[in-house]
Amino acid sequence: PFGTLKGGLGLQGGFQENVYTGLGLIPNHRSLDGGVFAFERLSLRRVDLEVGARLDGMQRTAFLGTEDYGEHVARGTLDGDRCTPVGTGARCASAYHAGSVSLGGLVHVVPETLDLKLDLSSASRFPNIDELYLQGSAPSFPVYALGYPDLRTETAWNASATAGLRLPWLTGELSGYAGIVERYIYFAPERTASGEPAYEVTIRGAWPRYTYSPIPAALYGFDGSVAIAEEAPRGMEARAAVVRAVDRRDGSQL
């Protein structure tokens, strides 16, 4: 008598193995991941409410060559205690886990015409293999990039508000959002102690050095779209988006 409930449960899993025998920028690796999630939506006459939750985990093993392993240890970005010597290199294992939740509400201010939506959520992302172990440069990648093997899970806390309009000749949507990110995985030029850009000199030449690093960040912005006469033989559509990202330690732009 109060509304309609609709929800679900889900499982997700994956296995990946990367084996490459050429001159690679990332090491061979193997990963196993899995997740479980649940959601429930309550639909009333003019209001929809939804809640969801998810748990994820991943086990990844990377097989590093001697030079790559030694350079990461020398830079202090790899905890050697979690690596096991194997042949001429090392096997480095890492495990990640994360949880996320979401809570959203949709109000049909004018049914079929004007909707307002609010969403509060968290989201987590495990570091990619290149963010962890990338080391070197390539003709299509004109920087010398260095990964950060001890990166942890990136976690964001987000809020967004959206207004949607539907008329016979006009449809549009406008959203504003803001989020705080813990351990944001930032890829940026490395600088020397004097603040100058750092360079890596190799047999192939000199390359600007870029590194991954975890920082506290904040992201905010808006995006929107408008369409005129969508169903007519001639129409018009426009989209726009603005995003700003700052380092929460000093307020500088990313």
Side-chain angles (χ1 to χ4, degrees), residues 12-36 55-99 123-156 181-193 196-217 254:
Q12 185 176 10
F15 174 78
Q16 180 185 19
E17 185 164 26
N18 184 86
V19 179
Y20 182 68
T21 58
L23 182 61
L25 292 174
I26 59 175
N28 291 336
H29 60 276
R30 183 183 301 128
S31 63
L32 180 66
D33 64 87
V36 57
L55 294 173
D56 284 283
M58 172 184 282
Q59 177 72 39
R60 178 187 284 142
T61 302
F63 303 90
L64 277 66
T66 303
E67 292 183 4
D68 291 346
Y69 173 71
E71 182 163 347
H72 283 304
V73 172
R75 290 173 56 223
T77 56
L78 174 62
D79 181 4
D81 292 339
R82 63 180 177 86
C83 297
T84 304
V86 176
T88 59
R91 180 179 62 195
C92 300
S94 53
Y96 308 94
H97 61 273
S124 295
R125 185 178 74 86
F126 302 144
N128 297 325
I129 191 70
D130 56 316
E131 296 168 333
L132 295 170
Y133 297 108
L134 182 64
Q135 188 163 303
S137 61
S140 60
F141 191 57
V143 301
Y144 191 92
L146 294 169
Y148 193 121
D150 285 343
L151 286 172
R152 297 165 57 199
T153 302
E154 180 184 271
T155 301
V181 188
E182 303 296 341
R183 299 177 297 277
Y184 178 75
I185 300 174
Y186 187 38
F187 185 60
E190 186 175 290
R191 298 191 176 275
T192 64
E196 297 296 322
Y199 287 85
E200 187 80 16
V201 180
T202 71
I203 193 172
R204 301 176 185 174
W207 308 81
R209 187 189 302 156
Y210 276 59
T211 56
Y212 292 94
S213 59
I215 66 170
L254 301 186

In the structure I gave you, are the side-chain heavy atoms of [X] and [Y] within less than 4.5 Å of one another anywhere?
X      : Y      : value
Glu154 : Glu131 : no
Tyr69  : Pro85  : no
Leu78  : Cys92  : yes
Leu32  : Phe15  : yes
Leu64  : Tyr133 : yes
Gln135 : Glu67  : no
Arg191 : Pro197 : yes

With sequence neighbours excluded, residues passing salt bridge (charged side-chain N to carboxylate O under 4.0 Å, His left out) with Glu196 =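 Glu196 satisfies salt bridge (charged side-chain N to carboxylate O under 4.0 Å, His left out) with no other residue.
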Set of residues satisfying salt bridge (charged side-chain N to carboxylate O under 4.0 Å, His left out) with respect to Glu71, sequence neighbours excluded = none
Considering only distance and modelled atom types, tabulate donor-acceptor pairs under 3.5 Å from the side chains of residues 144-152, sequence neighbours left out.
| residue | atom | partner | partner atom | Å |
| --- | --- | --- | --- | --- |
| Asp150 | OD1 | Asp79 | N | 3.4 |
| Asp150 | OD1 | Arg82 | NE | 3.4 |
| Asp150 | OD1 | Arg82 | NH2 | 2.9 |
| Asp150 | OD2 | Asp79 | N | 2.9 |

For [X], what residues pass the side-chain contact (heavy atoms from CB on, under 4.5 Å) criterion, not counting sequence neighbours?
X      : value
Ser31  : Gln16, Arg60
Ala198 : Glu190, Thr192, Arg209
Ser124 : Ala98, Thr153, Thr155
Pro189 : Tyr210

Pairwise distance [atom1]([X]) to [atom2]([Y]) - rounded to 0.5 angstrom:
X      : Y      : atom1 : atom2 : answer
Asp130 : Phe187 : CG    : CZ    : 8.5 Å
Leu132 : Phe126 : CG    : CZ    : 12.0 Å
Ile185 : Asn128 : CD1   : CG    : 7.0 Å

Can you name the closest pair of heavy atoms from Trp207 and Thr202 and give their distance?
-> NE1-OG1, 3.3 Å
Non-hydrogen atoms of Ala93 and Thr61 that approach each other most closely =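 Minimum heavy-atom separation between Ala93 and Thr61: CB-OG1, 4.1 Å.
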What residues, two or more places apart in sequence or in another chain, satisfy ring pair (Phe, Tyr, Trp, His ring centres under 6.0 Å) together with [X]?
X      : value
Phe63  : none
Tyr186 : none
Tyr184 : none

By side-chain hydrogen bond (donor to acceptor under 3.5 Å, both in side chains), which residues pair with Gln59, not counting sequence neighbours?
->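 Gln59: no side-chain hydrogen bond (donor to acceptor under 3.5 Å, both in side chains) contacts found.
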Of all pairs that satisfy salt bridge (charged side-chain N to carboxylate O under 4.0 Å, His left out), the ones with a partner from residues 13-31, not counting sequence neighbours =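 Sorted result for residues 13-31: Glu17-Arg30.
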